[in-house]
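Data block below; observations after.
Please read these numbers as outputs of a predicted model, since none were measured by experiment.
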Amino acid sequence: LGEEHIGVGERIGPTKDGLLDRGVVASLVVAVGREDLELAADEVGRRHAVFAQEQLRESAGVGIADRQRRLGQRRPVARLEAQLTLNKQRTTAWKAVQSSARVLADALKTLADGSAFQRLTNSMSGLPSGESPPFSVSTSAGATTGQFSVRVETVAQRSKLGSAAQASRTDELGLAGTLAVNGREVVIGEADTLNDVAARINAVNTGADASGVSASIMRTPDGQHRLVLTADRTGANGISLADVEGSLSADLGFDQAGAVVATGRNAVIHVDGQRFEGASNTFADIVDGVTFAAVRESATVVEVDISRDPAAARAAVKGLVDTYNALADVIRQQSSPGAPLAANGALRSMHGRIRAAIDTQLEDAAAGMNRLADIGVEIDRNGRYTFSAARFDEKLAADPAAVAALARDIAAAHEPALARLYEAMATPGPYRPDAEGAGRRSLRLACLGLLSRIDGAARAEALFAAASNMTERQGALEWLI
């Protein structure tokens with residue numbers, strides 16, 4: 001309710017036991033849709049006053065005739081309550097339409113942006129039975145179909161160094177000097193402990209010029225402690241230690257046998273007989289839009305087949321069919337005789353325009369495909385659309401670009417028809433809280449949802465900026481977030 005309508009309820013004044021409270025009275029006033037709210041409030045207040053007097057008489061023993069007269073006074077209120085109930089039913093019905101329209105809007109967006117027709121899938125062959133793939137494959141924008149022979153020679157790993165073992169991690173080491181860790185200088189004092197050394201090394205592994213080396217302390221099986229340096233990234237160029245002042249690298253035992261825990265190593269893979277080496281296990285620059293990620297070394301040459309994913313495109317077209325049928329069912333249910341939105345012309349117009357867009361026959365379409373029926377979308381004798389996956393897959397395999405273009409153009413064909421209905425449902429003048437005004441706003445927002453998936457939410461932005469009521473502003477916001 002708007003503030004002015006709540007105000008009407010407040011002006012009616014306190015209610016007595018057995019009477020409707022002020023919020024309900026205000027709701028009744030709005031439900032009736034009276035033009036003059038002041039007169040409506042006075043009328044409802046007068047009837048409630050009469051009703052209160054009759055209750056007092058009945059409690060004092062007034063007879064049947066007076067009770068019958070009281071019932072006569074009650075009938076206008078009963079009509080108001082019936083109108084309120086109908087308005088609530090209409091609100092629920094419009095919400096159902098909006099909900100179904102939102103799902104259809106998502107299906108239209110998938111067709112309009114063409115993303116479902118760009119998805120690729122990959123498969124591998126040539127692996128021995130029971131053996132896991134030695135690498136993974138992923139695709140992104142710009143990838144094309146193709147076949148590749150791939151073998152992983154080596155997998156990249158990080159460098160790791162370990163110091164000589166110390167009896168305690170908290171005792172002073174008595175060592176002093178300056179040690180360069182991958183070019184970043186670390187100053188150590190005689191009072192520093194093993195914990196302090198680790199902290200100082202970690203302190204230079206920050207910022208834009210980080211050393212790329214992390215320090216930790218590991219306990220040995222005999223209870224001693226060892227400083228362990230680990231490269232943050234894989235590759236042959238992992239950890240470099242150099243004495244700037246003093247001989248800390250030797251004093252800490254990094255020059256002893258066993259100091260190298262793991263040797264940094266580059267990854268090497270072969271694609272179609274060509275050798276590629278890199279510090280990372282990920283190779284994203286060999287084939288456009290294709291990324292190979294080495295997992296383990298293997299002598300097996302694996303065949304990779306990158307092809308279009310028919311499942312994604314098939315699901316997109318089937319999604320349009322299913323969501324349209326669902327919306328049509330809701331519209332028929334809510335506008336049938338006796339239903340809350342019975343004989344609502346605007347709702348029928350929306351239904352007809354969406355159906356006309358789906359049935360659009362395009363001109364100058366490629367490969368002889370100019371309507372959805374050409375790719376497996378038909379209408380049965382009950383007026384429901386059906387989808388033939390077999391026919392769709394056949395057309396998609398023959399000409400994927402033509403099928404994608406047809407689906408995109410059919411989705412775009414919804415815009416002009418829905419745009420006209422969207423503009424027609426705008427309510428001129430001040431906000432109207434009656435059922436007709438609520439219905440027009442609901443239908444307009446349903447059209448806005450469908451259009452937002454086609455026009456990039458341009459109309460939603462405009463409505464959010466210009467809306468004169470909270471209902472439309474909130475409805476527009478839902479399509480902007």
Side-chain angles (χ1 to χ4, degrees), residues 110 115-162 205 212-216 218-221 226 228-239 258-316 318-319 389-390 392-393 396-397 400:
T110 301
S115 59
F117 294 87
Q118 301 301 321
R119 295 180 191 173
L120 301 175
T121 185
N122 64 80
S123 60
M124 299 183 186
S125 61
L127 281 169
S129 179
E131 185 174 309
S132 63
F135 59 91
S136 63
V137 183
S138 60
T139 57
S140 59
T144 58
T145 60
Q147 295 77 39
F148 308 94
S149 299
V150 183
R151 180 176 69 86
V152 178
E153 179 181 326
T154 60
V155 175
Q157 68 178 19
R158 302 180 184 184
S159 295
K160 183 177 287 189
L161 302 178
N205 190 25
V213 177
S214 299
S216 59
M218 183 181 70
R219 189 176 65 83
T220 63
R226 193 181 188 192
V228 177
L229 305 182
T230 305
D232 292 343
R233 293 175 292 275
T234 58
N237 299 323
I239 301 176
V260 178
V261 179
T263 302
R265 184 174 63 193
N266 289 341
V268 176
I269 69 170
H270 298 258
V271 178
D272 287 347
Q274 301 295 309
R275 184 179 185 275
F276 299 90
E277 182 175 354
S280 168
N281 284 313
T282 301
F283 295 83
D285 56 354
I286 299 176
V287 180
D288 289 344
V290 180
T291 299
F292 300 99
V295 176
R296 62 178 179 83
E297 299 175 5
S298 175
T300 302
V301 176
V302 179
E303 301 298 328
V304 177
D305 181 22
I306 298 176
S307 58
R308 297 199 178 277
D309 182 8
R314 187 189 311 122
K318 187 177 185 300
F392 176 82
D393 288 350
L396 184 66

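- Here the side chains of Val137 and Phe292 are in contact, with some heavy-atom distance below 4.5 Å.
- To the nearest 0.5 Å, the span separating CZ on Arg151 from NE2 on His270 amounts to 4.0 Å.
- Distance alone, capped at 3.5 Å, places no donor-acceptor pair between the Thr291 side chain and the Ala284 backbone.
- Residue Asp305 places its CG atom among more than 12 non-hydrogen atoms of other residues, nucleotides or ligands, all under 6.0 Å distant.
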Test log, rule side-chain contact (heavy atoms from CB on, under 4.5 Å), inputs Asn122 and Val290: CA-CA 10 Å; Asn122 64 80; Val290 180; over 6 Å; no

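- For the side chain to side chain donor-acceptor pair (under 3.5 Å) test with Glu303, the passing option among Ser123, Ser149, Ser125 is Ser149; the others fail.
- The shortest side-chain heavy-atom distance between Val287 and Phe148 falls under the 4.5 Å cut-off.
- Side-chain contact check for Leu396 versus Arg314: every heavy-atom pair is 4.5 Å or farther apart.
- In this structure, Asp272 places its CG atom where more than 12 heavy-atom neighbours from other residues, nucleotides or ligands lie under 6.0 Å away.
- A pairwise comparison of heavy atoms in Ala231 and Arg158 identifies O-CD, 3.1 Å as the closest pair.
- Closest non-hydrogen pair, Ser159 versus Gly238, comes out as OG-CA, 3.4 Å.
- Between the side chain of Asp309 and the main chain of Thr121, no donor-acceptor pair closer than 3.5 Å is present.
- Shortest non-hydrogen contact noted between Pro133 and Leu127 is CA-CD1, 3.8 Å.
- Side-chain contact between Gln118 and Arg308: present, with at least one pair of heavy atoms (C-beta onward) separated by less than 4.5 Å.
- Of all the heavy atoms in Glu297 and Glu153, the pair that sits closest is CG-O, 3.3 Å.
- For the atom pair CE (Met124) and OG (Ser132), the distance works out to 10.0 Å, reported to the nearest 0.5 Å.
- Side-chain atoms of Gln157 and Thr234 form no donor-acceptor pair, as typed in the model, at a separation below 3.5 Å.
- The OG atom of Ser140 sits 9.0 Å away from atom CG of Leu120, with the distance rounded to the nearest 0.5 Å.
- For Thr300 (side chain) and Val302 (main-chain N/O), no donor-acceptor pair under 3.5 Å exists by modelled atom type.
- When the options Asp232, Val228, Leu229 are evaluated for a side-chain contact (heavy atoms from CB on, under 4.5 Å) with Ser214, the one that passes is Asp232.
- One finds the CD1 atom of Ile269 at 11.5 Å from the CD atom of Glu277 (value rounded to the nearest 0.5 Å).
- Side-chain contact between Phe135 and Val304 is present, with at least one heavy-atom pair separated by less than 4.5 Å.
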Show, in sequence, the C-alpha distance, side-chain angles and deciding distance for Thr154 and Asn266, and conclude whether the side-chain hydrogen bond (donor to acceptor under 3.5 Å, both in side chains) test is met. CA-CA 7 Å; Thr154 60; Asn266 289 341; over 6 Å; no

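- Using modelled atom types, one finds no donor on one side chain facing an acceptor on the other under 3.5 Å when comparing Asp288 with Thr144.
- Counting only distance, with no hydrogens or angles, the side chain of Arg296 and the backbone of Val155 share no donor-acceptor pair below 3.5 Å.
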Would Val261 and Leu161 satisfy side-chain contact (heavy atoms from CB on, under 4.5 Å), going step by step from the backbone distance to the final call? CA-CA 5 Å; Val261 179; Leu161 302 178; 5.8 Å; no

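- The nearest pair of heavy atoms linking Ser280 to Ala156 is C-CB, 4.2 Å.
- Among all heavy-atom pairs drawn from Ala312 and Arg119, the shortest one is CB-CD, 3.5 Å.
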